[in-house]
Amino acid sequence: MNTWIPSPMAAAARSAIKTLNYLLADSDRTRRRTSRRHCTVATTDNCENLISRLSSIAKRFPKPFSPPPPPPGAKPWRPRPYHYHALMKAFSRAGHPDEVLRLLREMKESGCKPNLLCYTTAIHSLVISNRPCDAQALFQEMLMNGVQPDAASFTILVKLFPFHLKHFDSACIFLGCMVKSGSNPDVVTYSTLIAGLCRAGLVDDAWRMFEKMLEWKCTPNAHTYTPIIQLYCSRGGIRLARRILDHMHDDGIPPDAVAYNVFVQALCQARKFEQVETLLRESDEKGWKPDGVTYNTYINGLCKAGRVEAAFDQLEAMLDKGLHPTSVTLSILLNSLCKESKVVQVMWLLERSSLLGWFIGTDGYNTMMSRLCESGQWVAALKLFADMVKKGVCPDTQSFNIVINSLCKGGKLGIAKCMLRSWGFIADSVTYNILYCAFQTAGRIDEFHDLFSNMDVSLDTVTYNIEIDYLCRKGRYSEAVYFLRSLEDRFSPVVVAHLTHGLVKGGKLGEVLSLFRDMLSRGLVIDYCIFDSLIRAFCQKGSCGSMRIYKLGVILDIMLQIS
DNA sequence: GTAGGGTTAG
């Protein structure tokens, strides 16, 4: 069997090996020091004897191999907290929070007390893996174990704001807790808080936090302003965003490429390409350097507006500036060409890719296969997959998912099952969701559960939405509500939005009201995406009768906390 | 031998 490792796994392995090398080198140094102290000089004769003895003893080693005991008097090597921390960081960066938690458990069991860094890294890995409840529990455990948090560990918790604490008041209470425990919030803490408030759409709260920051004599930087610019841009407030950029210059905090990239994205969405040109032309004067992301954003904007030729001009401009196109650039261009069915140009790009110094890799193939699959050309997508393997381009989990999706679309569930079991492929939540939908539609749920019974796949909000859709479609509304309440992150806005949409379609307004009242009584804010979803559901249902509109008004009043 | 923040495609 091939032991193919998908690229994210390979990155994780590389990262862990890098860290392991340090551990091995350290253990090597300890071994050399002890051997210098305890070993006598070996002659050729007794060397042969030793080798012969070792080989006979080795046969008796239990499997897996256990290291021999250290020479008498030598201190056994034990990993220190910073060794564990290095490994935990590697696993966290590779997106494996469970491995991080396993290491933390191992530390405690071996009597090595986790320090602040270890706890901080473990909490961070849970936060970035969207496990807010586990993160908060671990923070509590850290406090219980007498480990005092500092500004960095508090700041990590701030990322939970989009999940739980979407109030300015809560943010202030949080800052109060920090100060009380002896760690003053710094520019990173304030910037993260502002980003959280902006993500929740609370621009006024974000500005109030900004003022609070100034009151505390904390100087903002480009990180502080960027989420506010982003929020204005997402609401079409291009003028306001530009005023902030100008203000930053006046205030001696010149915007960097990231801040300008957010603005370029907004200009592209508004199709104000002349303004993007001016911005790029004046970049030297304004003291910023457009980077790969700037050009990718611009090229993407031009492609979406159907100006593929202009996009290729920008590709040349990018090369002129010494910026190397990345897999993202290629993905944008291929995506656009596939959408426009410009097969000749796709071939042109494929043929010249090596001349441009590009390698059409997994991302490029994935983009093309996705487009083909979306446009119903699933056989062509499968052919492309075969071509990819033939050319020695290593498929990743996404490639397999596209192929499995193509097979499902073509009704080939049996072959899709074989793909799942082949090539050492490791399924992820996307694979699970694709097959769950397909088997659900085919009425073969039991077969699906058998298929995944031995696989460890972490489910995501898409999976929950599929389950909720299924229950609502079958008219099992109470079960759908019960399912939501059984989830760890039970009031995730995206899932609540999905359920309320299903409930409105089914006329179950009482259930919607009860859910909102419960959320509000827990101090949660009803996210704008729930508003969007509800309004869409009422519109789709054609609820224009006066009684229904009245009920909608009641629901909106509760959501806005008017009544 | 050390943790924390803002951007682009699909």
Side-chain angles (χ1 to χ4, degrees), chain A residues 19 22-23 26 80-90 92-93 100 114-125 127-128 142 147 149-159 161 178 183 185-196 198-199 206 213 220-231 233-234 248 255-266 268-269 288 290-301 303-304 311 325-336 338-339 362-371 373-374 398-399 401-402 430:
Chain A
T19 317
Y22 172 74
L23 283 176
D26 200 1
R80 310 290 307 154
Y82 56 80
H83 295 131
Y84 276 109
H85 175 250
L87 265 177
M88 287 163 96
K89 206 172 66 180
S92 172
R93 280 185 183 155
V100 178
N115 61 12
L116 176 61
L117 289 184
C118 293
Y119 271 117
T120 307
T121 302
I123 294 166
H124 187 225
S125 81
V127 169
I128 58 177
M142 179 176 87
V147 177
D150 62 0
S153 40
F154 271 117
T155 304
I156 288 166
L157 278 194
V158 172
K159 277 200 169 179
F161 270 62
M178 273 186 81
S183 19
D186 58 16
V187 60
V188 183
T189 320
Y190 282 112
S191 303
T192 315
L193 265 171
I194 289 168
C198 287
R199 260 199 301 276
M213 175 182 184
N221 60 21
H223 284 260
T224 325
Y225 282 101
T226 307
I228 303 176
I229 297 172
Q230 163 89 6
L231 184 58
C233 287
S234 69
M248 286 170 78
D256 60 5
V258 178
Y260 274 111
N261 289 347
V262 171
F263 191 55
V264 168
Q265 162 81 345
C268 286
Q269 273 172 350
W288 69 284
D291 60 9
V293 176
T294 321
Y295 279 95
N296 286 347
T297 309
Y298 188 20
I299 290 172
N300 186 43
C303 284
K304 278 190 172 166
T326 63
S327 61
V328 176
T329 327
L330 189 59
S331 183
I332 294 166
L333 290 168
L334 287 173
N335 191 24
S336 165
C338 287
K339 264 187 189 162
T362 316
D363 280 352
Y365 274 99
N366 286 353
T367 303
M368 288 188 283
M369 289 194 298
S370 287
R371 293 289 79 79
C373 185
E374 274 168 20
Q398 198 190 347
S399 331
N401 286 341
I402 297 164
V430 179

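Proteins come first, then strands; the chains are lettered A, B, ... in the order of their sequence lines, and each starts at number 1.
At a threshold of 4.0 angstrom between heavy atoms, the contacts of A/V262 are confined to the sugar-phosphate backbone, with no base atom among them. Within 4.0 Å (heavy atoms only), A/T120 reaches at least one base atom of the nucleic acid. Counting any heavy atom pair closer than 4.0 Å across all strands shown, A/V187 reaches a base atom. Residue A/A151 is classed as a base contact, given a heavy-atom separation below 4.0 Å to a base. Within the nucleic acid shown, A/S92 has no heavy atom closer than 4.0 Å to any nucleic acid atom. At a threshold of 4.0 angstrom between heavy atoms, the contacts of A/D291 with the nucleic acid are absent. Nucleic acid contact for A/T226: base, since at least one base atom lies under 4.0 Å from a heavy atom of the residue.
For A/I128 and B/dG6, the CD1 to P distance is 11 Å, given to the nearest whole Å. Between A/N115 atom CG and B/dG1 atom P there is a gap of 15 Å when expressed in whole angstrom units. Between A/R80 atom CZ and B/dG1 atom C1' the separation is 13 Å, expressed in whole Å. We find that OH of A/Y295 is positioned 19 Å from P of B/dT8, with the value rounded to whole Å. To the nearest angstrom, C1' of B/dG5 lies 15 Å from CG of A/D150. Nucleotide B/dG6 holds its P atom 13 Å from the CD1 atom of A/I194, rounded to whole Å. For the pair A/F154 CZ and B/dG4 C1', the interatomic distance rounds to 13 Å; values are reported in whole Å. Protein atom CD1 of A/I402 is 17 Å distant from nucleotide atom P of B/dA9, rounded to whole Å.
In this structure, the nucleotide among B/dA3, B/dT8, B/dG6 sitting nearest to the side chain of A/D256 is B/dG6. Side-chain proximity of A/H223 to the nucleotides B/dG5, B/dT7, B/dA3 is greatest for B/dG5. Listed candidates were B/dT8, B/dG4, B/dG6. Nearest to the side chain of A/T189 is B/dG4. The A/A152 side chain lies nearest to B/dG4 when the options are B/dG4, B/dT8, B/dG5. Nearest to the side chain of A/Q398, among B/dG4, B/dG1, B/dG10, sits B/dG10. When each of B/dT8, B/dG5, B/dG1 is scored by its nearest atom to the side-chain atoms of A/Q230, the top-ranked nucleotide is B/dT8.
A/S370 places a side-chain N or O within donor-acceptor distance of the main-chain N or O of A/N366, the cut-off being under 3.5 Å. A/N300 places no side-chain N or O within 3.5 Å of a backbone atom of A/C303 that could act as its donor or acceptor partner.
For A/T224 and B/dG6, a side-chain-to-base donor-acceptor distance below 3.5 Å is absent, hydrogens and geometry of angles not being considered. The base of B/dG4 sits within donor-acceptor range of the side chain of A/D186, with an N or O pair under 3.5 Å. In this model, a side-chain donor or acceptor of A/T155 finds a partner on the base of B/dG4 within 3.5 Å. Judged by atom type and distance alone, A/N221 reaches the base of B/dG5 through a side-chain donor-acceptor pair under 3.5 Å.
Using a 4.0 Å cut-off, some side-chain N or O of A/N300 falls inside it from OP1 or OP2 of B/dA9. Put simply, A/K159 has no side-chain N or O that comes within less than 4.0 Å of OP1 or OP2 on B/dG4. Distances shown here put a side-chain N or O of A/N335 below 4.0 Å from the OP1 or OP2 atom of B/dG10.
In this structure, OG on A/S153 lies 6.5 Å from CD1 on A/I123, to the nearest 0.5 angstrom.
A/H124 is linked by a side-chain hydrogen bond (donor to acceptor under 3.5 Å, both in side chains) to nothing, counting only residues two or more places apart in sequence or in another chain. Scored by the side-chain hydrogen bond (donor to acceptor under 3.5 Å, both in side chains) test, A/N261 finds A/D291, A/T294 as partners (sequence neighbours excluded).
Across every non-hydrogen atom of A/S92 and A/V100, the tightest pair is N-CG2, 3.6 Å.
Between A/T189 and A/T192, the side chains place no donor N or O within less than 3.5 Å of an acceptor N or O (distance only, hydrogens not considered).
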